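Remember, predicted model here, so these are calculated numbers, not experimental data.
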Amino acid sequence: QVQLVESGGDLVQPGGSLRLSCAASGITFRPYAMAWYRHAPGKQRELVAGITSGGSTNYAEFVKGRFTISRDNAKNTVYLQMNGLKPEDTAVYYCNLGSYSGSYFVGSRYWGQGTQVTVSS
């Protein structure tokens, strides 16, 4: 049974930093691409960042230069380092396991429960 478990969300002031983690189990992690999505109230879920099985990364324009996605295959874990947080980054953040078709991340039905990030003074 595939499980993805996100952690690391918190309340942080604008300009602050957080590091999210997503631990995968029940699957051989290495061959898969991984991505972080976020879902804010009243908005559609949006792709934040993705990383291929080989470690190449892609970012949404609104996080470029502020967020960094990485993976540790030995720990079956993908991370999202978030710096320079803004109130508009407030959302529930989810990880997803999938693959890349060209430059597009193709997700799967495997999602975690999400972790809440709130950016507020």
* Which atom names give the shortest non-hydrogen contact between Gly112 and Tyr94, and what distance separates them? -> O-CD2, 3.6 Å
* Asked: Quick one: does Ser101's side chain have a donor or acceptor within less than 3.5 Å of a partner on Tyr104's backbone?
  -> no
* Closest contact, heavy atoms only, Tyr59 versus Ile69 -> OH-N, 2.9 Å
* Asked: Less than 6.0 Å separating the ring centroids of Tyr37 and Trp111?
  -> yes
* Asked: Quick one: do Phe67 and Tyr79 end up in the same hydrophobic cluster if we chain Ile, Leu, Val, Met, Phe, Trp and Tyr together by side-chain heavy atoms under 4.5 Å apart?
  -> no
* Common cluster, Phe105/Val78, ILVMFWY with side-chain heavy-atom separation under 4.5 Å -> no
* Tyr110 vs Gln3 side-chain heavy atoms within contact, under 4.5 Å -> no
* Asked: Rounded to the nearest 0.5 Å, how far does CE of Met82 lie from CH2 of Trp36?
  -> 8.0 Å
* Between atom NZ of Lys64 and atom CG of Asn58, what is the distance when rounded to the nearest 0.5 Å? -> 8.0 Å
* Quick one: closest heavy-atom pair of Phe62 and Leu47, and the distance? => CZ-O, 3.7 Å
Got a list of side-chain donor-acceptor pairs under 3.5 Å for residues 7-30, not counting sequence neighbours?
unit_1 : atom_1 : unit_2 : atom_2 : d
Ser17  : OG     : Asn83  : OD1    : 2.9

* Structure fact -> Gln116 and Thr90 have their tightest heavy-atom pair at NE2-CG2, 4.0 Å
* Asked: Going from CZ on Arg109 to CG on Asn96, what distance comes out if it is rounded to the nearest 0.5 angstrom?
  -> 11.5 Å
* Shortest non-hydrogen separation from Asp89 to Arg66 and the atoms involved -> OD2-NH1, 2.7 Å
* Structure fact -> Contacts of Ala91 meeting side-chain contact (heavy atoms from CB on, under 4.5 Å) (sequence neighbours excluded), chain-then-number -> Arg38, Ala40, Tyr93
* **Interatomic spacing from OG in Ser108 to CE in Met34 - rounded to 0.5 Å** => 8.0 Å
